[in-house]
Amino acid sequence: MAIQGLCSEGGSEPFWDWNLTWHTENPDFTKCFQNTILVWVPCIYLWVCFPIYFLYLRRHDRGYIQMSHLNKAKTALGLLLWIICWADLFYSFWERSQNIFRPPVFVISPTVLGITMLLATFLIQYERMKGVQSSGVMLIFWFTALLCATIIFRSKILHALNLGAEVDVFRYVTFYSYFVLVLIQLILSCFPERPPLFSETVNDPIPCPESSASFLSKITFWWITGLMIQGYRRPLEAKDLWSLNKEDTSEEVVQGLARYWEKECANTKKQAIKMVYSPKKQMKSSNSNGDVTEEVEALIVKPSQRNSAPSLLKVLYKTFGPYFLMSFLFKACHDLMMFSGPEILKLLINFVNDKDAPNWQGYLYTGLLFACACLQTLILHQYFHICFVTGMRLKTAVIGAVYRKALVITNSARKTSTVGEIVNLMSVDAQRFMDLATYINMIWSAPLQVILALYLLWQNLGPSVLAGVAVMILLVPVNAVMAMKTKTYQVAHMKSKDNRIKLMNEILNGIKVLKLYAWELAFKEKILGIRQEELKVLKKSAYLAAVSTFTWVCAPFLVALSTFAVYVLVDKNNVLDAQKAFVSLALFNILRFPLNILPMVISSVVQASVSLKRLRLFLSHEELEPDSVIRGSIKDAEGSIIVKNATFSWSRTDPPSLNDINFTVPEGSLIAVVGQVGCGKSSLLSALLGEMDKREGYVAVKGSVAYVPQQAWIQNAALKDNIIFGREMKESQYKRVIEACALLPDIEILPSGDRTEIGEKGVNLSGGQKQRVSLARAVYCNTDVYLFDDPLSAVDAHVGKHIFDKVIGPKGILKNKTRVLVTHGVSYLPLMDTIIVMTDGKISEMGSYQDLLKQDGAFAEFLRTYANADQDVENGDPKTGEDKEDANSPTVKEGKHMENGVLANEATGKPILRQLSNSSTYSGETGKSPNQTSTTELQKAPAEKNAWKLTEADTAKTGRVKATVYWEYMKAIGLFISFLSIFLFMCNHIAALASNYWLSLWTDDPIINGTQQHTHVRLGVYGALGMSQGIAVFGYSMAVSIGGIFASRHLHIGLLHSVLRSPMSFFERTPSGNLVNRFSKEMDTIDSVIPQIIKMFMGSLFNVIGACIIILLATPIAAIVIPPLGLVYFFVQRFYVATSRQLKRLESVSRSPVYSHFNETLLGVSVIRAFEEQTRFKQQSDLKVDENQKAYFPSIVANRWLAVRLECVGNCIVLFAALFAVIARNSLSPGLVGLSVSYSLQVTTYLNWLVRMSSEMETNIVAVERVKEYSETEKEAPWCIEQTAPPDNWPHEGKVEFRGYGLRYREDLDLVLKNINVTINGGEKVGIVGRTGAGKSSLTLGLFRINESAEGEIIIDGVNVAKIGLHDLRFKITIIPQDPVLFSGSLRMNLDPFDKYSDEEIWTSLELAHLKNFVSSLPDKLNHECSEGGENLSVGQRQLVCLARALLRKSKILVLDEATAAVDLETDDLIQSTIRTQFEDCTVLTIAHRLNTIMDYERSVIS
């Protein structure tokens, strides 16, 4: 050999010698091998890595690290090593000069080694300049160098100890110094450098330790240990979490995705694709009441261009591919190393069989087995870490992309996706991508593992393997069919889930109305109807799951059985010995994993492709055209708003809603838009904001715009933040705005002044207050153009006048701005510069007040009817308005004070805490005495008030999940099924152990004349044990799946029932996001996740126990190490679970705000767009997502931390099983060694699964805990009480008495209503008036027992209402609420959810409510689908629907809560006349802002 020539003159010294190295008790390598291979290996490694690593460092510059002592030491040592190597070289030259000729290797090796040391020193410095704090490449280099040097070191020592051996002193000294220096270099490489200059981590309060961790710390995940210890000592809180790495933040990730998506869309735009929204064919839905549901779907026209849809997959690949590709490398390494186990096992069994083999070989195999296992562990978890981080980034990107898209899609596209579906895109579909990231590599890795395993099996057993392969191939189509079926069920399940969440969302939004009408039962039935469908699908999926578990657990056994059977039956001389049987079993076990996981991967890919399609459709929806309305500074424009020949529709397919609009608004003028309900006034404002689809014409709006919508949109934030709305705080301007909008008295009542947190949708503000906050927001923003959509309808006459004078009118703050006001208030019209009159989507007249009167058209007629009534009240004689109010007012003592133009009652009495509801005005007397008018009041926020929060954030429970939660779940399943499934699990595993033990006995059968006896018996028993195993598997799988469905049905009904039974105060405190989260995420976990986890948990538990039993049977001495290892395992697991559970809780708590904020954004999207605040909202959303991922990231790292630790425990079990087998080799049969080691090889996987599953179990069972949590909240009074139920004809007269009645909102608050004594006789019409927030609506809340009385009682026709059931009361009295709430469903369902009335009765009520013409004109008449929240009807029309509901119920007592605020005067008149005629003999209580509404009532109650 050429190498031998290098080592010695004439190649006399051998390169390799088996007798020296293998067949000996004291092995060693030849000198030649030591001087060449062992010296060159580290050098070759470094030179191969260098070009790739160098390029990588050039690309990834993390900044410059200053020289440190560590770095100086490494560099100095590197140079010393180079000097030592070249000292050897020069010594060889010196020897030549002395005529001592050494072989060439003495020149070549030191030269190569010296140059390599220089390269290493260069890399140490280059890494420092590029900001690498710890280098894996260098650490591996020093480790390899040390390993090779250690072998030479041992050899040199042995050589020196030989008597009479000549020693080359100089080379010995240089080698020992080299050895010591390499050792020191290795130790130094373990420590990380300081962070680079100007890196983010320097400024970060809690940086993520990953970037500054050393290489060893990274591969073992040691860097998270600090957090684990902290979590073990005390429950973690949000402030303990690290910041995210920069590359994981929304800012980085979402922008990357958005960039690629835009490019992709731009590429496909070239071959444009047309999208049309069309209603699907009407399908009879299978709801209990058979209503017709109409769905709108995006249809893609021109299928010929299918390929031109932008590919989201390509975009995701471009965004995340490069980082993810690293995982391919790790996965491939791991897959190859998996097969080292069975191969070493083969050698080990041969070693036990061969009694002459030297002992050290057994220890070598044991060591190799352990080293391979440990390396495998480290590689596998690096792979998983990459996958999970990619998954996390994917989720961030999807949420960010959906959020950004939701801000720009058109209204027609919005209709195709309900809020529920869009939230699902963010929660469920984003989760699907996360799951897929961990599985996707299995698509190529599983087949690779299968091929390798089959190759090795073929070598072992020959062609009989084909029998096993045949079984596998037969099972593939079975599983394919099941995967397809699962997919169809999946889609059906998603659909019912979407419907259920959508309906639930609406119920939660309209819960007040549901309670007032006592409709809870009807909606409960609807929800349970949908749920029933969902459970049917789940049940089918469960049967499928049971069958597939059966095939999977039995597949490896069937494969083994068929292979062994064919092998022993084909040829008598085929002997099944230990080596063949157990190596094959180990390979079959490896085979089991890819075959098990493939169907999971396939279904995961299928689910992700469904999600991908949903997401792609959503991201491809049409967007609002930003340039349809020209905004900004327009040069030489003739006015502030210019509209020429414009036609608008809500979507491209709809008929135009506004036709041929022409008008110009001069700068700084005040314009009113008036007209009937539903004539297109609000649409006109939407058109100016660019919310509608412009068909033709020209629209320009000069300058910035502020918009006040008809229904105020309030954020869940402090009152002050709602007004400032992201602008900078200017104290003086803020005070002016607050004063002008009449918010001062309200702010004083609020518990923390203007820092009080306002609940979701403004639940703790009255209608009028919400509207004024919405107005204040617009005024504070100080823009050029103001669009007001009837903001004065929700406030009473006084406040309305005050606001008009101070804000909107000719003398108000905005007098120099352009203002467009949609209004029904006639009294303001004379002050307008121009009035636009709209009819049926056209402008019928336009001009100043005087001009229109002169034209004597429809408008003049309308005015003549209304002006008199309205003006008297609002402008005229003070006796009618203010004084009349004061004279009767119970709260006013002698004096009264006008302040800011608003009447302030002098009242002593503490500020009242307002616990307020969506729709009503409630509050106590205005707590303000005459000397308190200073505006510094705003700042009043004493400490205890500051702490007051209205909504309860979703809280994280701490500590261990209590055993009672598991017990609750078992009870929900049913105890019989629970114990049955545990018993079947035991049977299955006992059968499995027995069959393998039987196999080991079989392999030890003596061989007589080349064959074994009793082969058939052995085979028969083996087969029978296998079959019993299969039957047990099928049994437990069915039991668990069906039990899971029982449990989820039981828990869902409980949750739904208890939520509907909760009092109103519960919904005001609890954000709807939390409740929706319970119904969607937590229920989904209980439906589909927990049963799977139970199966896997039980399976792994019994597998681990089984493996330990077998190892103890084979080598009883193992009893010494198994308990301590068990203890380590247990300690690590408890340590981990404490932290992991808390992280999971923090993650799920920080998830709710993401969805709440998203919901809020969808509701207020037109406001956000009008104010051009999109960027700020995107940042807020990103921030909330990052907060969520901050808890998620440590939880995935904690999983890796745990797995590495546990697999090391598992690897120790392998080590000891093999070690004891080697030690006791003389007393053990090869069959038992094979059995024991092949089981120990599996232990690692099972241990890992066991902890994963037990922590998954704990983290997911939290869902049960969270669902149960709401079933234990306070409940309102019972719905029906048999004993005290009033007679059927009650109330027959309608007489209402309040006796000493008092009401408070919470136990710890003052009374809002004090000592009210009123008797209202049957049939009386009574008006209730008072300024905003005087407690008018509180009376109705008391009457309906939304809040229970604090003192006194209410008697209706001799029955004390507090004594009867709530439904008995609420069915018998009717309210028309302030906020008209409709639910999605048919119009008929909205009028009569219990199906009590005939169609004739419904049509009559519609006719009386003046809706008959409108409803008859609809294509579906009564079956017209109302969209979510009734958005496809105008507010006025919704109010009329509420009137029709009241007419249907025909009860003796009717309450109108500002019911006519949103309709024009003409309609108001119609409503009043209807009430007069239809409710002639009924008692009517009306809360009103417009006095003309109650002018002809018999009495007024002034609060």
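Bear in mind that the values here come from a model prediction, so they are computed numbers and not experimental data.
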Enquirer: When rounded to the nearest 0.5 angstrom, what is the spacing between CD1 in Ile1109 and OH in Tyr1239?
Expert: 9.5 Å

Enquirer: Is it the case that more than 12 heavy atoms not belonging to Phe328 sit under 6.0 Å from its CZ atom?
Expert: yes

Enquirer: Evaluate the side chain to side chain contact (heavy atoms under 4.5 Å, CB included) criterion for residues Trp458 and Leu466: first the C-alpha distance (whole Å), next the side-chain angles of each, then the deciding distance (0.1 Å), finally the verdict.
Expert: CA-CA 8 Å; Trp458 181 280; Leu466 293 175; 3.8 Å; yes

Enquirer: Any chance the side chains of Asp1004 and Ser1229 put a donor and an acceptor closer than 3.5 Å?
Expert: yes

Enquirer: Just checking Met1257: does its CE atom have more than 12 heavy atoms from other residues, nucleotides or ligands closer to it than 6.0 angstrom?
Expert: yes

Enquirer: May I ask you to check whether Glu534 and Ser496 show a side-chain donor-acceptor distance below 3.5 Å?
Expert: no

Enquirer: Cut-off 3.5 Å, side chains only: do Asp335 and Ser445 have a donor facing an acceptor?
Expert: yes

Enquirer: Do Arg614 and Asp498 meet the salt-bridge criterion of a basic N to acidic O distance under 4.0 Å?
Expert: yes

Enquirer: Looking only at non-hydrogen atoms, find the nearest pair between Val1104 and Tyr1246 and report the distance.
Expert: CG2-CB, 3.6 Å

Enquirer: Out of curiosity, Thr438 OG1 to Ile1196 CD1, how far, rounded to the nearest 0.5 Å?
Expert: 10.5 Å

Enquirer: Scan Ile1110, Val1209, Ile1213 and name whichever one has a side-chain contact (heavy atoms from CB on, under 4.5 Å) with Val1243.
Expert: Ile1213

Enquirer: Would you say the side-chain atoms of Asn460 and Ser584 include a donor-acceptor pair closer than 3.5 Å?
Expert: yes

Enquirer: Should Arg531 and Met1083 be marked as a side chain to side chain contact (heavy atoms under 4.5 Å, CB included) after you check the CA-CA gap, both sets of side-chain angles, and the distance that decides it?
Expert: CA-CA 11 Å; Arg531 179 73 180 156; Met1083 273 326 294; 3.6 Å; yes

Enquirer: Can you name the nearest heavy-atom pair linking Ile443 to Val601, along with the distance?
Expert: CG1-CG1, 3.6 Å

Enquirer: With a 3.5 Å distance limit and no angle check, can you tell me whether Ser1041 reaches the backbone of Met1038 through a side-chain donor-acceptor pair?
Expert: no

Enquirer: For His385 and Arg1200, which I'm curious about, is there any donor-acceptor pair between the side chains at under 3.5 Å?
Expert: no

Enquirer: Please tell me whether Phe557 and Tyr1022 form a close aromatic pair, meaning their ring centres lie under 6.0 Å apart.
Expert: yes

Enquirer: Please report the interatomic distance CG(Leu587) to CD(Gln459), rounded to the nearest 0.5 Å.
Expert: 10.0 Å

Enquirer: Filter on ring-ring contact (aromatic ring centres under 6.0 Å, His included), then keep only pairs touching residues 1083-1112, sequence neighbours left out; what's left?
Expert: His989-Phe1102

Enquirer: For the residue pair Phe1034 and Phe550, is the inter-centroid distance of their aromatic rings smaller than 6.0 Å?
Expert: yes

Enquirer: Rounded to the nearest 0.5 Å, what's the gap from CD1 on Ile973 to CD1 on Ile977? Could you check?
Expert: 7.5 Å

Enquirer: Return the CG to CD1 distance between Leu375 and Ile379, rounded to the nearest 0.5 Å.
Expert: 4.5 Å

Enquirer: To the nearest 0.5 Å, how far apart are OG in Ser464 and CG in Asp571?
Expert: 9.5 Å

